[in-house]
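Everything on this sheet refers to the single structure shown next.
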Amino acid sequence: MEEELKCPVCGSLFREPIILPCSHNVCLPCARTIAVQTPDGEQHLPPPLLLSRGAAAAAPPPDQDSAAGATSGGAGASTAGGLGGGATGGGDHADKLSLYSETDSGYGSYTPSLKSPNGVRVLPMVPAPPGSSAAAARGAACSSLCSSSSSITCPQCHRSASLDHRGLRGFQRNRLLEGIVQRYQQGRGVVAGAAAAPAVAICQLCDRTPPEPAATLCEQCDVLYCATCQLKCHPSRGPFAKHRLVQPPPPPTPPEATPAATGTSTASSAGGCRSPGGAGASAPRKFPTCPEHEMENYSMYCVSCRSPVCYMCLEEGRHSKHEVKPLGATWKQHKAQLSQALNGVSDKAKEAKEFLVQLKNILQQIQENGLDYEACLVAQCDALVDALTRQKAKLLTKVTKEREHKLKMVWDQINHCTLKLRQSTGLMEYCLEVIKEDDPSGFLQISDALIKRVQTSQEQWVKGALEPKVSAEFDLTLDSEPLLQAIHQLDFVQMKCRVPPVPLLQLEKCCTRNNSVTLAWRTPPFTHSPADGYILELDDGDGGQFREVYVGKETLCTIDGLHFNSTYNARVKAFNSSGVGPYSKTVVLQTSDVAWFTFDPNSGHRDIILSNDNQTATCSSYDDRVVLGTAAFSKGVHYWELHVDRYDNHPDPAFGVARASVVKDMMLGKDDKAWAMYVDNNRSWFMHCNSHTNRTEGGVCKGATVGVLLDLNKHTLTFFINGQQQGPTAFSHVDGVFMPALSLNRNVQVTLHTGLEVPTNLGRPKLPGN
C-alpha cells in the first residue's frame, strides 16, 4: 500500500495532498514546483478558457495557505491568488491551447516544452536579489506567475489543467488520503514530532505496558500484531482465513527535526515536501466544510460535477440546476461499488498469486529438467562413445586376425619354397659332379635314376608354385560415411520426438457398477511428449489375453456388458506419431455378484406401460407385447422373479429370455429368438420357435411369483412358480447372449425383482401332464 501513499513528484509520503481535475493526487509543495506559466503567445485567450474549471474551482479551506505576498515563510507558502488573471485577447490563438474537457473539468492538452526528467515542467526559480531571503525569492516567483495565466500538468497522466484566480488553492485538499497517511505513519511506529523512531515495530492491539514487539502484519487489515494478539484477535479461520500475514516491515528512518516553533521552514527553495511526521503532522483533523461557504458542512453530492456540496451551493451556487443526491446514500453506494470492484481485483490477485506459484514451480522444474536433460545427454553420448569403442575393438581384432593369417600363409610358402630349392640345388650339384666322371660304365649304372629324379624335381615346380598365395593388400573397407552423417545430423529434435510417457491411472475415479466398469487416467505433469490418443485394454475376466476395448483421445471410459461376478484386469497406454508408449500399471476391477436391472423402456413395444422406476410393467393392448430387461447375460448363474400384481380374465403371460432382436408384437417364444414359459390360471407350457412342450399343471393368479433361473455355466433355463419348480428343466443347450424378457397384455401387471441370490431351497419339480 505504501506506493499508493507516495507523491509521484517527490517520491515521499503525501504532505498536504490536493486532488487534480484528473483525480490524481500531488503534494501541495510539489504542485508549486510543477505549476507553469502559459507562454506569452498563448496568454491572449478568451477569458472563459482561462477561468473555467470544474467542481474543484472553489475557495480554499481556512487552513490552506495564505494569499500571495504572505511573508510567513515555510513549505506551506502558497502562490498568489491571481494566477488565473491572464490578459484577454482575440480568438486567433484558440487552436493552440484547449483547456476544456467534455465535462468542463479544466483538462487541457498543453504540454510545456521545458520538462523535468519525470516529464513534468518545473517552475523556474526567480533569482533572489542580493541580501534578500529565500522566502522573498519565492514571493518573486509567485509574482511572476501572477502576471500571466498558469497551468499545472499531472505527473502521472500528463494532462494539463488551468489555474483560476485562486491558483493552487482552488484544488480541493484530499483530507481522506491525508488521514490514511497519518494512520499509516502511526501504524509503522512513527510519532509526529518525535526525535527518533522506535527500534522495532510494536503491536497495535497490546494492552501490556510497554506493548509487545510486532510479530506479523496483516496486509488486508493493515494492523501490526504480536503473537498473542494475533491468535486472540486475528485467528486464521473464518473471514480471516484469506488474509495474508507477513513479517512486519523494518522501522522507518527517524524524521529530521523541523523548527516548527519558529514558524519558518527548512524546505528547499524549489518548494519540496517536508518529511512526514514533522511539525504539524499531529495536528487534529478538521471536519471538512465547503470551501465556498466556510460555515456549511457537506450535505449533498453533485452528480454532474462529481463532488460533495453544501446546502448553500444548491441554493445560490452554480450547482443549483445540477442533479444531486444525498451525501450519505451516495457514500454508501460508492463504497458498495468499490467493494464489489475490489472483490474482482481480489480474485485476480489470488489468481495472480497462484500463477506466480505455478511459475516458480515451473522455474524449479526447468532447473531439474535441465539437469536431467544434461545427464541424459551425457549418458547418451557416453553410450555412443562406448559403443564406438567396442566396435573399434572388434574391427581391430578382425584386422589382427587377417594380418596373422596372411603372415602365416607367406611364411609357410617361404619355408616350403626354401626346402624345395635346397633339395633342387643339391640334386643339381650332385648331377654336375656325376657328369664330370669319365667312367662310362659307372655313369650308365646311375644315369637312368638320376634322369628320373631330375624330371620329378622339375615337375614339382608346376605353374603357380612360384606365385604368392596371398596379397599384401587387405581386402577390408570400413564404410563410416553413414555413421558420420548420422553423427552430424544428431540433434535435440530426435530427443523431442519420443513416445508418450506411461499414463497414470486415477484409482479414485475407477469404479464398477453392476456389470459395467469405468476407468480414468491422466498424462503425467510436465511431459514433453504429448499423446495423440490412448488404447485401453481389458482381459476376458478369467485371466485370459488382453484385448483392445477403446482407442481415442478421452481419458475416461466406461465398458458395459461385462460378465457378472467376474474379475477384470485393465491397463492403458498412450500413442503419438513417434509410436506407442509403455503400459500403465494394471488395475483389478470386480463386477457385481448379482444382477440389478429394470425393464428397458427403449427396447419395449410402444404399447408397454412402465412405472415404479421401470420395475412394473403392463400393457395398453389386448394383444401380447414384449419388453426386455436392461441387462444382458452370457456367463454365470442368474435368478430373478416377477410378482403378478394384477391378473384378470385368464390371460397367458409369458416369462423367459430372448435375444435383443426378438419380435415384440406377439407372444414371447413364437419366434426363434426367445425361450419362454407361458402360463394361465391352471397350467403352463414351454415354447420356442412356436413349439409348445411339457404342459404342466399349476398356473398363476394375482399375488403369484414366477422365478426364472438362467444357468449359463450348465447352459440351462428353469422356471419356478411360488418357489416350486414348474416342470422339468425347460431348455438345455442354451448358449449365447440373453436378456430377461416378458410378454403380456392389458389384463396382466407384473413387478420385477432383481439382485437376488440364487435360491438353494427351491421345491422339487412338478411332473408334466399329458
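Just so you know, these numbers come straight off a predicted model, no measurement behind them. No hydrogens, no waters, no symmetry mates; every other heavy atom, side chains included, goes into these values.
Thr555 contributes atom OG1, which lies 7.0 Å from atom CD of Gln506 (distance to the nearest 0.5 angstrom). Distance check: Leu388 CG to Cys381 SG gives 12.0 Å after rounding to the nearest 0.5 Å. Interatomic distance, NZ of Lys573 versus OH of Tyr534, reported as 14.5 Å (0.5 Å rounding). Atom CG of Leu483 and atom CD1 of Ile487 lie 4.0 Å apart (nearest 0.5 Å). Atom OG1 of Thr693 is separated from atom CH2 of Trp685 by 11.5 Å, given to the nearest 0.5 angstrom. Here Thr389 contributes atom OG1 and Asp382 contributes atom CG; the two are 10.0 Å apart, rounded to the nearest 0.5 Å.
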Notebook entry, point to check: Stepwise, does the side chain to side chain donor-acceptor pair (under 3.5 Å) test hold for Ser634 with His563?
Noted result: CA-CA 7 Å; Ser634 60; His563 299 308; 3.1 Å; yes

Margin query: Run the salt bridge (charged side-chain N to carboxylate O under 4.0 Å, His left out) test on Arg390 and Asp386 for me, step by step, so that the C-alpha distance in whole Å, both residues' side-chain angles and the decisive distance to 0.1 Å come before the verdict.
Written below: CA-CA 6 Å; Arg390 290 193 298 270; Asp386 292 342; 5.0 Å; no

Item checked: Test log, rule side chain to side chain donor-acceptor pair (under 3.5 Å), inputs Gln455 and Glu459 -> CA-CA 6 Å; Gln455 291 176 348; Glu459 291 175 356; over 6 Å; no

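The closest side-chain donor-acceptor pair between Thr567 and Gln590 falls under 3.5 angstrom. Between the side chains of Gln358 and Glu354, not a single donor N or O lies within less than 3.5 Å of an accepting N or O. Ser516 and Thr558 are not linked by any side-chain donor-acceptor pair at a separation below 3.5 angstrom, with hydrogens and angles left out of the test.
Taking a cutoff of 4.0 Å between a charged side-chain nitrogen and a carboxylate oxygen, Lys436 and Glu433 qualify as a salt bridge.
The minimum heavy-atom distance linking Pro500 with Pro530 is given by the pair CB-O, 4.4 Å. Minimum heavy-atom separation, Ser584 to Pro503: CB-O, 3.4 Å. Leu628 and Ala658 make their closest contact through CD2-CB, 4.2 Å (heavy atoms, listed as atom of the first residue, atom of the second, distance).
Checking side-chain atoms of Asn694 against main-chain N and O of Pro728 turns up no donor-acceptor pair under 3.5 Å. Thr418 places no side-chain N or O within 3.5 Å of a backbone atom of His416 that could act as its donor or acceptor partner. The backbone N or O of Leu505 sits nowhere less than 3.5 Å from a side-chain atom of Arg522 that would complete a donor-acceptor pair.
Relative orientation of the Phe686 and Phe731 rings is tilted, given thresholds of 30° and 60° on the angle between their planes. Classified by interplanar angle (parallel below 30°, tilted 30° to 60°, perpendicular above 60°), the ring pair Trp675/His688 is parallel. Taking the six-membered ring where the residue is Trp, Trp640 and Phe597 present perpendicular rings, their angle passing 60° and hence far from 30°.
The only option from Asn515, Asp542, Asn713 that meets the side chain to side chain donor-acceptor pair (under 3.5 Å) definition with Lys635 turns out to be Asp542.
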